[in-house]
Visitor: 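Pasting a structure below so you can have a look.
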Amino acid sequence: MKLSVIGCGYLGAVHAAAMASIGHSVVGIDVDADKIALLNSGRAPFFEPGLSDLLEAAIASGNLTFSTDFADAAGAEAHFIAVGTPQSKDGLSADLRYVHSAVDALLPYVAPGDVVVGKSTVPVGTAEVLAERINPAGAFLAWNPEFLREGFAVEDTLRPDRLVYGVGEGAERAESVLDAVYHVALDAQTPKIIAGYATSELVKVSANAFLATKISFINAMAEIAEVTGADVVKLADAIGMDARIGRRFLNAGVGFGGGCLPKDIRAFRARAEELGVGHSVRFLEEIDAINLRRRDRVVDLTTTLLDGDVTGRKVAVLGLAFKPNSDDVRDSPAVDIASRLAALGADVVATDPEAIGNARRREPDLVFGTLEEALTDADIVLLLTEWKDFTGIDPAWAASLVKTPIIIDGRNALPHTEWIDALWEYHGLGRR
Ligand code: UDX
C-alpha cells in the first residue's frame with residue numbers, strides 16, 4: 001500500500017520506517033527541512049534503539065522516502081497524522097495547532113476514498129471536528145492511537161499489544177484500509193478493538209493517566225516510607241505479586257517525565273473542565289503534585305546531606321534523559337533537579353550517554369561532562385536516570401574518584417548492598 005505519514009518526530013519517523021519495513025511504500029512528510037535531510041540519509045534525528053538500522057534498510061529497499069512537500073502525499077490510500085500535541089504555553093491544555101496545520105496542508109492532496117488516520121494524542125472531541133473537515137473531500141477519518149514507549153518504539157510499533165480503530169463516517173472503508181496496513185500484526189493475532197472516535201481518543205489519554213497514577217501511587221508510598229522507616233521497594237515487590245496490581249510501573253524514584261505522561265494528564269484535566277466534568281479527573285492534579293514533590297525531595301535531601309548548603313559543593317548528576325535508552329529531555333526530572341541545584345549555587349556536573357546535546361539546548365548554563373569528569377572530586381552523586389552505563393558502575397572505582405562517597409539513588413536502581421560494601425553512604429528514595 002502507499003502510505004503517507006505527516007510529522008516525523010518520535011512517533012512519525014518510527015511509524016514510517018516500521019510500515020516501510022513490512023512492505024508498504026511510505027512517504028514521511030515534515031516541515032523541518034533539516035530533519036527530512038537527515039532521515040533521507042538514513043539517520044535518525046533522535047536516539048531510538050533499532051531505528052537507524054530500520055531506516056537504512058527501508059530507504060535502501062526503495063520503500064521509504066521523506067519530503068517537505070505535502071504534494072508527495074497524493075496517491076497514498078492512508079495518511080497518518082503523527083504530529084506533536086505539546087502543552088500550551090499559557091495553560092494545561094494541549095496545543096493542537098500542529099494537528100490542524102497538518103490537516104490544512106494535507107487536505108488538497110486527499111482523494112475520495114482515502115483514509116486519514118489520527119495517531120497524535122488529542123483531547124476527546126478533536127476527531128469529530130477533524131472528520132467534519134475531511135468528509136466533504138469524500139475521504140474518511142479513523143482515530144488509531146499509538147501506545148509506543150520511547151526506547152522500545154520500534155518493537156512497540158512492529159508488535160503492538162493491541163490495535164484500536166476509532167471510526168465514524170466510512171467506517172467499513174476505514175477498517176479495511178487499517179486492516180491492510182496492519183496485516184502483519186493482525187496475522188500475529190494482535191487484538192483489535194473497534195470503537196467510536198471519543199472512545200479511541202480516550203483510550204490513549206486514560207491509559208497514560210492510569211500509568212501516571214500507578215507511578216505516583218508508589219511515590220506517595222515512598223513519602224510514607226520515608227517517615228516510617230519502611231522500604232518502598234520491598235513494599236512494591238509485595239503488593240506487585242498480587243496479579244490484580246502487578247509489579248510493572250511501581251518503581252518509586254524521581255517520578256515520571258517525558259513528552260507524554262506529564263502533558264497528557266494536564267491536558268486531560270483541562271479537557272474535562274471544559275466538558276463540565278473536571279471533578280472526575282481532579283485526582284490527576286494530586287498525581288501531578290506527588291510527582292513533582294519527588295524532585296523537591298531530591299533537592300532537599302541533597303542539601304541536607306551537604307550540611308544545609310550546596311553553595312560551591314560539587315554535585316555529580318548521572319542521567320539527563322527522562323528515562324534510559326532515550327535522548328529525550330522533555331519534562332525530565334533529572335534536568336529539573338540538576339538546574340535547581342545549580343541555581344542554588346551547587347557546582348553541578350551532569351552526564352548522560354545520549355541526552356547531553358538536548359539538555360544543553362534546554363539548559364545552556366548547566367555544566368556537562370563525561371562520567372569520570374562528573375564523579376571526580378564530587379561531594380555527592382545523584383543517579384537520576386537508570387541507564388545500564390550507570391547501574392553497572394563499579395562502586396569501588398567510583399569511590400576512588402569522588403571526594404565524599406555519598407550517593408542518592410533517585411531510581412532505586414543500584415545494587416545497593418554492593419555500594420554499601422564499597423563504603424558508600426547510600427540513600428534510596430523511600431527506603432532506609
Ligand atoms: C508513555 C507510555 O508508556 C506509552 O504507552 C505512551 O505511548 C507514551 O507515554 P514513554 O513516555 O515513552 O511512554 O515512557 P514510559 O516508559 O511510560 O515512562 C514514563 C516516565 O515514567 C519515565 O520518566 C519513567 O522513568 C517513569 N517511570 C516509569 C517511573 O518513574 N516508574 C516506573 O515504574 C515506570
Side-chain angles (χ1 to χ4, degrees), residues 9-12 14-15 46-49 51 82 84-87 94 119-122 144-157 159-164 200-201 203-222 232-233 235-237 239-240 245-268 287-288 290-295 297-298 319-337 352 355 383-387 390-391 409-413 428-430:
Y10 288 96
L11 166 57
V14 178
H15 189 67
F46 48 85
F47 178 80
E48 181 61 49
L51 179 57
T85 52
Q87 187 174 337
K119 281 210 150 299
S120 306
T121 303
V122 293
N144 171 224
E146 178 59 58
F147 306 102
L148 67 79
R149 298 158 299 166
E150 288 177 29
F152 300 92
V154 170
E155 174 64 21
D156 287 352
T157 306
R159 279 170 279 280
D161 49 17
R162 78 282 209 194
L163 290 165
V164 176
S200 61
E201 292 167 312
V203 165
K204 176 62 196 258
V205 280
S206 59
N208 278 354
F210 193 90
L211 294 171
T213 301
K214 211 172 168 189
I215 299 168
S216 278
F217 175 84
I218 202 65
N219 280 329
M221 296 306 107
V232 76
V233 177
L235 180 127
D237 289 344
I239 64 172
I245 297 174
R247 180 63 177 84
R248 294 175 72 190
F249 270 67
L250 279 185
N251 294 323
V254 292
F256 57 82
C260 293
L261 264 42
K263 65 111 177 148
D264 287 353
I265 60 170
R266 292 169 196 155
F268 198 7
I287 297 306
D288 206 357
I290 294 167
N291 191 52
L292 296 176
R293 280 207 298 273
R294 301 319 288 159
R295 304 176 185 188
R297 166 74 182 149
V298 174
L320 290 159
F322 83 105
K323 68 176 198 179
N325 301 312
S326 170
D327 63 356
D328 194 348
V329 297
R330 288 176 293 172
D331 223 322
S332 166
V335 172
D336 191 19
I337 291 166
D352 190 282
L383 174 88
L384 301 182
T385 314
E386 69 277 34
W387 285 93
F390 302 147
T391 56
D409 180 357
R411 295 289 184 173
N412 292 322
L429 292 188

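Just so you know, ligand 1 is whichever comes first in the structure, and atom 1 is the first atom listed for that ligand. Along the sequence shown, residues are numbered consecutively beginning with 1. What you see is a predicted model, and the numbers here were worked out from it, not measured in a lab.
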Visitor: Counting only heavy atoms, which portion of Lys204 has something under 4.0 Å from ligand 1: side chain, backbone, both, or neither?
Guide: side chain
Visitor: Test of understanding: given a 4.0 Å heavy-atom threshold, classify the contact between Asn208 and ligand 1 as side chain, backbone, both, or neither.
Guide: side chain
Visitor: What protein heavy atom is closest to atom 12 (O) of ligand 1, reported as residue, atom name and distance in Å?
Guide: Glu150 N, 2.7 Å
Visitor: Which residue and non-hydrogen atom of the protein lie closest to atom 20 (C) of ligand 1, and at what distance in Å?
Guide: Phe256 CB, 3.5 Å
Visitor: Decide yes or no on salt bridge (charged side-chain N to carboxylate O under 4.0 Å, His left out) for Arg149 and Asp161, but give the supporting numbers first.
Guide: CA-CA 12 Å; Arg149 298 158 299 166; Asp161 49 17; over 6 Å; no
Visitor: Rounded to the nearest 0.5 Å, how far does OG1 of Thr213 lie from CD1 of Ile290?
Guide: 8.5 Å
Visitor: Are any of the N/O atoms on Leu211, whether in the backbone or the side chain, positioned under 3.5 angstrom from an N/O atom of ligand 1?
Guide: no
Visitor: Can you report which non-hydrogen protein atom sits closest to atom 6 (C) of ligand 1, along with the distance?
Guide: Leu148 O, 3.4 Å
Visitor: Tell me, which protein residue and heavy-atom name are nearest atom 13 (O) of ligand 1, and how many Å apart are they?
Guide: Arg149 CA, 3.9 Å
Visitor: Does ligand 1 have any atom sitting under 4.0 Å from a heavy atom of Gly255?
Guide: yes
Visitor: Go through the steps for Leu261 and Phe322 under the test side-chain contact (heavy atoms from CB on, under 4.5 Å), then give the verdict.
Guide: CA-CA 11 Å; Leu261 264 42; Phe322 83 105; over 6 Å; no
Visitor: Give the numbers and elements of all ligand 1 atoms closer than 4.0 Å to a heavy atom of Glu146.
Guide: 7 (O)
Visitor: Considering only the protein, which heavy-atom contact is closest to atom 5 (O) of ligand 1, and what is its distance?
Guide: Phe147 O, 2.8 Å
Visitor: Say you draw a straight line from CG of Asp352 to CZ of Phe47; how long is it, rounded to the nearest 0.5 Å?
Guide: 9.5 Å
Visitor: Among all protein heavy atoms in this structure, tell me which lies nearest to atom 17 (O) of ligand 1, with the distance rounded to 0.1 Å.
Guide: Phe249 CZ, 3.2 Å
Visitor: When you measure from the side chain of Ser120 to the backbone of Val122, do you find a donor-acceptor pair of N or O atoms at a distance under 3.5 Å?
Guide: no
Visitor: With heavy atoms only and a cut-off of under 4.0 Å, state how Arg411 meets ligand 1: side chain, backbone, both or neither.
Guide: side chain
Visitor: Treating Arg411 as the side-chain partner and Leu384 as the backbone partner, does any N or O pair qualify as donor plus acceptor under 3.5 Å?
Guide: yes
Visitor: Taking all non-hydrogen atoms of both residues into account, name the closest pair between Asn412 and Gly428 and its distance.
Guide: OD1-CA, 3.4 Å
Visitor: Would the distance check show the side chain of Lys204 and the main-chain N or O of Asp264 forming a donor-acceptor pair, the cut-off being under 3.5 Å?
Guide: no
Visitor: Is it the side chain, the backbone, both or neither of Ile218 that has a heavy atom closer than 4.0 Å to ligand 1?
Guide: neither
Visitor: In the protein, which heavy atom is nearest to atom 18 (O) of ligand 1, and how far is it?
Guide: Lys323 CD, 4.1 Å
Visitor: Pick, from Thr385, Asn251, Leu261, Asp331, the option with the minimum heavy-atom distance to atom 31 (N) of ligand 1.
Guide: Asn251
Visitor: Below 3.5 angstrom, do we get any N/O pair linking Cys260 and ligand 1?
Guide: no
Visitor: Nearest protein heavy atom to atom 23 (O) of ligand 1, by residue and atom, and its distance?
Guide: Phe322 O, 2.9 Å
Visitor: Please evaluate residues Asp288 and Arg266 with respect to the criterion salt bridge (charged side-chain N to carboxylate O under 4.0 Å, His left out), reporting the C-alpha separation (whole Å), side-chain torsions for both, the decisive distance (0.1 Å), and the verdict.
Guide: CA-CA 8 Å; Asp288 206 357; Arg266 292 169 196 155; 2.8 Å; yes
Visitor: Within ligand 1, which atoms have a heavy atom of Leu250 less than 4.0 Å away?
Guide: 33 (O)
Visitor: Nearest heavy-atom pair of Ala413 and Leu383: which atoms, and what distance?
Guide: CB-CD2, 4.3 Å
Visitor: Would you check if the side chain of Lys214 reaches a backbone N or O of Leu250 as a donor-acceptor pair within less than 3.5 Å?
Guide: no
Visitor: Quick check: do Ile239 and Phe217 have side-chain heavy atoms less than 4.5 Å from each other?
Guide: yes
Visitor: Tell me the nearest of Leu11, Asn325, Ile215 to atom 28 (C) of ligand 1, using heavy-atom distances.
Guide: Ile215
